[in-house]
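Here's the structure, in structure tokens; my notes come after.
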Amino acid sequence: MSTTPHLFYQPKVQLVESAFQLIGYEGLFRSVTPSGEALCPAQLPSMQRAQLASHEHFMWALDTATGFMRKLGNPDSLTISLNLPGHLLERNEVYESMLGWLLDDEERARGIEIEILESSAIRNLNLVAERLDRLKRAGMLFALDDFASGYAGLSYLRMLPIDIVKISPALVMSAAVDTFDLRLLEGILALLNGLGKKVVLEGIESEASLALLQDFEIHGLQGYYFGKPMPAHQAIRYPHTQTLPVS
């Protein structure tokens, strides 16, 4: 089946009193068919899914995301985050390409945030930590994605120069209906706030989820409640310069 690669953009917002303010987007890969159907990675053949974890695909995503930021006018108030399998940073060519990409144009990194999955199988944490630190000094921001979904999160949090932590959507959604998971989420948020980390909660899909979050110190929220991943021409019209009233 013939498809064309695209980045779709899902809004991330911040709670401001009784309204929401756009703070950025997550760039998510979609493969679009000639009929216009957008396929997520899980719907693709295994060979195409493997290509998504390639060096070339990630550099394409970086260029595509920065092009979208230019269309937005490079606003200081917004970021675009991209997923990067952590093990790719153990490869010299990936690290050198990213560093060269940054150093070639100092403005490129503005607003770009790289998300490293907690489930990434990083074998040499010391090496990756050194490389992230160098990239961070060159202007990139880093987030730990899907925190609380596996066993490696605390090690990554302790050793990697992480700016932002994104909580697993499975835990966030479960906390809305399960008291134990709610207490677990409260404990995780207390830990991360105590460490001075910015926290983004994914999986916000209902007003019930929102009701649980009113008293927490949270940097950002993401989920279908605010918007599904959308193509660039729709995302650029998402109201990012005004507050969005709660429905």
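Keep in mind it's a predicted model, so treat the numbers as computed, not measured.
- Within the 3.5 Å criterion, the main-chain N or O of His219 finds a donor-acceptor partner in the side chain of Gln14.
- Leu82 CG to Leu7 CG: the interatomic distance, rounded to the nearest 0.5 Å, is 6.5 Å.
- The shortest non-hydrogen separation linking Gly227 to Pro11 is O-CD, 3.8 Å.
- Atoms CG and OH, from Leu28 and Tyr9 in turn, are 10.0 Å apart once rounded to the nearest 0.5 Å.
- In terms of hydrophobic clustering, with Ile, Leu, Val, Met, Phe, Trp and Tyr side chains grouped at heavy-atom distances under 4.5 Å, Phe142 and Leu88 are assigned to a common cluster.
- Of the residues Leu132, Asn83, Asp145, the one that meets the side-chain contact (heavy atoms from CB on, under 4.5 Å) test with Ile116 is Leu132.
- Ring centers of Tyr25 and Phe68: under 6.0 Å apart, within the cut-off.
- When all heavy atoms are compared, the tightest approach of Ala138 to Leu102 is CB-CD1, 3.8 Å.
- Cluster membership for Phe20 and Tyr238, using ILVMFWY side-chain heavy atoms within less than 4.5 angstrom, is shared.
- A side-chain hydrogen bond (donor to acceptor under 3.5 Å, both in side chains) with Glu26 is found for exactly one of Lys166, Lys12, Gln10, namely Lys166.
- Enclosure of atom CZ in Arg137 by more than 12 non-hydrogen atoms of other residues, nucleotides or ligands within 6.0 angstrom is indicated.
- Counting only heavy atoms from C-beta outward, the side chains of Pro5 and His57 never approach each other to under 4.5 Å.
- No side-chain donor-acceptor contact under 3.5 Å links Arg134 to the backbone of Glu130.
- With contacts defined as side-chain heavy-atom distances shorter than 4.5 Å, the pair Val128/Met159 does not qualify.
- At least one donor-acceptor pair under 3.5 Å links the side chain of Asn193 to the backbone N or O of Leu189.
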Run the numbers on Glu217 and Val199 for side chain to side chain contact (heavy atoms under 4.5 Å, CB included), then give the verdict. CA-CA 8 Å; Glu217 184 178 344; Val199 177; over 6 Å; no
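- When all heavy atoms are compared, the tightest approach of Leu125 to Ser155 is CD1-CB, 4.3 Å.
- For the atom pair CD1 (Ile204) and CD1 (Ile218), the distance works out to 7.0 Å, reported to the nearest 0.5 Å.
- Note: the hydrophobic cluster containing Ile162 also contains Ile188 (ILVMFWY, side chain heavy atoms under 4.5 Å, direct or indirect links).
- Rounding to the nearest 0.5 Å places CZ of Arg183 at 10.5 Å from CG of Asp178.
- Residues Glu202 and Leu221 fail the side-chain proximity criterion, which asks for heavy atoms closer than 4.5 Å.
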Start with the C-alpha gap between Phe226 and Leu22, add the side-chain angles, then the distance that decides, and say whether side chain to side chain contact (heavy atoms under 4.5 Å, CB included) holds. CA-CA 10 Å; Phe226 310 107; Leu22 186 73; over 6 Å; no
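- Counting heavy atoms from C-beta on, the side chains of Glu205 and Met173 come closer than 4.5 Å.
- A donor atom on one side chain and an acceptor atom on the other are not found under 3.5 Å apart for Arg131 and Asn124.
- Leu141 and Ile114 fall into different hydrophobic clusters, where Ile, Leu, Val, Met, Phe, Trp and Tyr side chains are chained together by heavy-atom contacts under 4.5 Å.
- The CD1 atom of Ile122 sits 7.5 Å away from the CG atom of Leu89 when rounded to the nearest 0.5 Å.
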After noting the C-alpha distance and the side-chain angles of Glu115 and Leu84, does the key distance pass the side chain to side chain contact (heavy atoms under 4.5 Å, CB included) rule? CA-CA 6 Å; Glu115 298 183 6; Leu84 174 66; over 6 Å; no
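- Atom NZ of Lys198 has 12 or fewer neighbouring heavy atoms from other residues, nucleotides or ligands inside a 6.0 Å radius.
- Judged by distance alone, with hydrogens and angles left aside, the side-chain atoms of Ser174 form no donor-acceptor pair with the main-chain N or O of Ala170 at under 3.5 Å.
- Contact check for Leu135 versus Leu99: side-chain heavy atoms found under the 4.5 Å cut-off.
- Relative to the six-membered ring of Tyr224, Lys228 meets both conditions, a distance below 6.0 Å and an angle of at most 45° to the axis.
- Residues Met98 and Met140 meet the side-chain proximity criterion, which asks for heavy atoms closer than 4.5 Å.
- Tyr95 places none of its side-chain heavy atoms less than 4.5 Å from the side chain of Glu90.
- Listed for the Ser97 side chain is no donor-acceptor partner under 3.5 Å among the backbone atoms of Val94.
- One hydrophobic cluster, built from ILVMFWY side chains closer than 4.5 Å, cannot hold both Ile23 and Ile167; they sit in different ones.
- Proximity of Pro75 to Leu72: side-chain heavy atoms (C-beta onward) are separated by under 4.5 Å at one or more points.
- The aromatic ring centres of His6 and Phe29 sit 6.0 Å or more apart.
- Here the straight-line distance linking atom CG of Leu185 with atom CG of Asp181 works out to 8.5 Å at 0.5 Å rounding.
- More than 12 heavy atoms of other shown residues, nucleotides or ligands fall within 6.0 angstrom of atom CD in Glu186.
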Can you check side chain to side chain contact (heavy atoms under 4.5 Å, CB included) on Leu154 and Leu191, steps first, answer last? CA-CA 11 Å; Leu154 290 177; Leu191 169 66; 4.1 Å; yes
